[in-house]
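Everything quoted here is computed from the prediction, not taken from an experiment. Below, chains carry the letters A, B, ... as their sequence lines are ordered, and counting in each starts from 1.
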Number of protein chains: 2
Amino acid sequence: MAGVSAGTVDRILHGRGNVSEAKRQAVEAVLGKVGYKFNIHTSAVSLKRGYHFVVTTPEAGEGEYWSSVIAGIREALEEYSDIQIQLDYLFYDQFDESSCRSVFDSIPQLEADGVILGPTFRRETLSLCEALDGKGIPYVFVDANIEGANPVASYSVDQEACGAFLGRMLLAGLHEGKKILLFRSERRGDERSSNTLAREKGLTDFLKANGLSDRLIRSTIPPTDDAENIIVDTFRANPQVQYAIVLNSRGNIIASAIQNGLKSDSIQLIGFDLTRDNIKCLEEGTITALLCQRPQLQGFSALRRLISWLLYRSREEDERHFLPIDLVVKENLPYYREM
Amino acid sequence: MAGVSAGTVDRILHGRGNVSEAKRQAVEAVLGKVGYKFNIHTSAVSLKRGYHFVVTTPEAGEGEYWSSVIAGIREALEEYSDIQIQLDYLFYDQFDESSCRSVFDSIPQLEADGVILGPTFRRETLSLCEALDGKGIPYVFVDANIEGANPVASYSVDQEACGAFLGRMLLAGLHEGKKILLFRSERRGDERSSNTLAREKGLTDFLKANGLSDRLIRSTIPPTDDAENIIVDTFRANPQVQYAIVLNSRGNIIASAIQNGLKSDSIQLIGFDLTRDNIKCLEEGTITALLCQRPQLQGFSALRRLISWLLYRSREEDERHFLPIDLVVKENLPYYREM
DNA sequence: CTGCTTGTTGTGCACGAACACAAAAATATG
DNA sequence: CATATTTTTGTGTTCGTGCACAACAAGCAG
């Protein structure tokens with residue numbers, strides 16, 4: 001249509017240069033007119049080279065949060081199995097800053113074609129991103145976005161909205177004179193609590209806006225061995241508690257404290273994330289509800305984005321993607337085995 | 001690897017016959033060993049022929065339930081834009097059995113390659129399916145499954161689970177002495193109410209199992225013009241109502257009755273489906289929560305399934321797919337603009 | 001044994017895309 | 001103006017797949 005050969009079009013599409021301005025414009029006009037779109041799969045067929053990606057997240061123990069993210073990445077790998085992709089997984093201890101640093105420090109030298117990054121520690125993440133920026137290696141965030149970095153994209157959940165959502169759930173059901181007991185994690189060096197902090201802010205803001213601030217009691221899950229006793233004591237000291245909220249994925253700990261220590265079934269427990277332990281509690285009825293953030297879809301989207309970036313350097317408007325916040329209870333659980 | 005040419009492999013893969021038993025086995029062994037998988041996109045590239053599908057659902061007014069299903073189908077069309085697909089949309093009046101019959105009767109003669117079917121009237125659907133079976137035309141159900149038909153697949157939601165889910169929401173929050181007011185549709189000839197009936201069964205079973213049966217009051221949304229007055233009267237007659245439940249997607253009607261007629265904001269209203277009107281009510285706060293059933297994903301999956309069936313006749317174990325049941329409130333609404 | 005039919009197997013081309021290389025045109029150098 | 005160099009453009013091959021057609025083999029009738 002533009003009176004040029006396929007080779008010239010190819011050069012223009014991939015910005016390989018050595019094309020006269022006149023032909024470029026003619027071809028680009030035609031491309032626009034016919035609405036040309038890359039076909040990622042036929043591209044992959046003729047693409048000789050493979051890609052090497054590094055995936056670095058906190059330890060992904062089976063049935064835990066991060067293993068869902070990894071599962072999503074594996075699914076994307078399957079979906080794009082026509083592209084040769086090699087993945088290197090590098091896990092770090094999300095409670096140990098130095099473990100994170102040593103893992104992150106090793107990544108730039110791996111000369112990967114791209115990195116999927118589950119950030120926890122702000123400082124280490126920023127320093128890694130700076131190194132990757134320097135080498136021109138693209139990276140994608142999952143689970144959280146770190147301000148100041150330049151990722152190709154980030155796939156996470158609006159944690160403040162999660163907190164507000166929680167508030168909404170409580171608003172309807174909180175009985176006269178009853179209270180809300182809020183558990184947050186308190187493990188030193190756990191900077192992922194930036195997520196739980198945002199959740200807490202969303203919840204407290206919502207409760208304040210609805211005049212329920214005085215109904216909220218704050219507590220922490222102690223990191224020690226006798227956690228269960230301390231939790232039980234907290235409940236005993238606050239017998240008016242109707243709702244217990246756990247802002248991280250360790251709701252099952254509170255559940256067993258309530259079951260074993262308190263032997264009460266009048267407390268509604270709400271937690272986060274479809275971990276294996278939480279699922280068990282949901283089925284047994286010891287956890288009432290879980291807020292979930294589509295970790296599998298996060299992982300899936302991240303790898304897909306990295307592929308489309310490397311193949312086409314495709315830019316989109318806003319690359320901070322916020323995934324839906326799902327509420328899962330016993331009754332809809334069977335249909336949430338993701339994707 | 002099997003010592004045969006590509007042509008022979010092709011014949012085996014597509015069951016075109018004229019292959020000796022010995023070679024067939026040799027090739028099939030190799031296919032299994034290397035884990036051969038079709039690549040739908042490269043298939044499409046070399047596929048000369050196009051496909052012609054018929055999509056028949058109730059009228060899909062803008063912003064209404066069925067338009068989301070259609071949007072999902074359009075998305076799949078985009079995703080598989082390398083395949084030449086022509087879609088014919090045939091809409092019928094979901095409240096008029098004879099409209100449905102005349103539309104359905106015309107479908108077999110269209111000689112389509114496949115049909116996506118949003119069923120409402122059981123009898124008409126079964127008779128259409130029989131005709132399609134006779135002609136060997138594959139069809140896929142969306143939104144509901146009709147017993148007795150032989151679809152390639154169905155994509156719907158477990159409506160009883162929806163009802164039970166509703167019950168779970170109420171269980172936590174129902175206050176002492178308060179009641180639940182249940183609205184179902186009562187439009188003659190609307191057999192789609194098989195969905196709302198299942199929802200009602202799920203809810204009543206749940207309430208019974210939790211000793212709350214006596215807290216439930218049943219009512220209907222009158223199809224007449226003065227519906228609002230009648231609804232308001234119902235609420236006035238039952239001042240103890242804390243939760244109002246609408247089992248179809250017309251929650252917005254109850255919402256405006258409560259707003260305009262009752263001028264109360266102490267009633268929690270729960271409805272179904274992210275229709276435009278319902279979304280508005282959610283944003284305004286006149287509806288508390290909506291149960292949603294991923295209509296877009298239903299449409300998307302349906303078209304995708306039809307394509308993979310026609311290209312490869314791929315059979316899977318259980319082809320009744322149940323999609324997740326989502327709870328949407330004001331706070332997580334922005335993240336539910338699907339897919 | 002020859003010719004014909006039928007069944008089986010292989011070959012060649014097309015599709016959209018990537019990329020190496022050859023050819024042609026434009027520009028620079030002597 | 002001829003030749004060398006650089007820039008621009010076109011060609012051919014490849015990938016996995018579908019499909020038309022050619023080639024070969026086997027069986028059967030005359």
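For the pair Gln84(B) CD and dC15(C) P, the computed distance is 12 Å after rounding to whole Å. One can place CG of Asn18(A) at 7 Å from C1' of dT8(D), the figure rounded to the nearest angstrom. In this structure, CE of Met1(A) is placed 14 Å from P of dG16(C), rounded to the nearest angstrom.
No hydrogens or angles considered: a donor-acceptor pair under 3.5 Å links the side chains of Tyr336(B) and Asp326(A). Tyr92(B) and Thr57(B) are not linked by any side-chain donor-acceptor pair at a separation below 3.5 angstrom, with hydrogens and angles left out of the test. Defined by atom type and a distance below 3.5 Å, a donor-acceptor pair is missing between the side-chain atoms of His41(A) and Asn39(B).
Considering only heavy atoms from C-beta on, Asp143(B) stays 4.5 Å or farther from Ser156(B) through its side chain.
Minimum atom distance to the side chain of Lys23(B) is reached by dG10(C), of the listed dG10(D), dT7(D), dG10(C).
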Return all side-chain donor-acceptor pairs below 3.5 angstrom for residues 300-310 of chain A, not counting sequence neighbours, or 'none' if the list is empty.
| from | atom 1 | to | atom 2 | distance (Å) |
| --- | --- | --- | --- | --- |
| Ser301(A) | OG | Leu297(A) | O | 2.6 |
| Arg305(A) | NE | Glu319(A) | OE2 | 2.9 |
| Arg305(A) | NH1 | Ser308(A) | OG | 2.9 |
| Arg305(A) | NH1 | Ser314(A) | OG | 3.4 |
| Arg305(A) | NH2 | Ser314(A) | O | 2.5 |
| Arg305(A) | NH2 | Glu319(A) | OE2 | 2.6 |
| Ser308(A) | OG | Arg305(A) | O | 3.2 |

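The side chain to side chain donor-acceptor pair (under 3.5 Å) search around Gln25(B) returns Glu21(B), not counting sequence neighbours. In this structure Lys48(A) satisfies the side chain to side chain donor-acceptor pair (under 3.5 Å) test with no other residue, sequence neighbours excluded.
Here Ser20(B) does not reach the OP1 or OP2 of dG7(C): none of its side-chain N or O atoms lies under 4.0 Å away.
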**Request:** Scan nucleotides 14-21 of chain D nucleotide by nucleotide, 5' to 3', and note B when protein non-hydrogen atoms come under 4.0 Å of the base, S if they reach only the sugar-phosphate, - if neither.
**Result:** -BBBBB--
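Closest non-hydrogen pair, Gln94(B) versus Phe121(B), comes out as O-CZ, 3.3 Å.
Checked by atom type and distance alone, the side chain of Gln109(A) pairs as donor or acceptor with a backbone atom of Asp105(A) at under 3.5 Å. For Gln298(A) (side chain) and Gln293(A) (main-chain N/O), a donor-acceptor pair under 3.5 Å exists by modelled atom type. Looking at Asn332(B), its side chain does come within 3.5 Å of a backbone N or O of Ile325(A) through a donor-acceptor pair.
Where the helix from dC1(C)-dG30(D) to dG30(C)-dC1(D) starts and where it ends, the local axes point in directions that differ by 60°; five pairs per end, rounded to 10°.
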Can you pull every protein N or O that's under 3.5 Å from an N or O on nucleotides 23-28 of chain C?
none

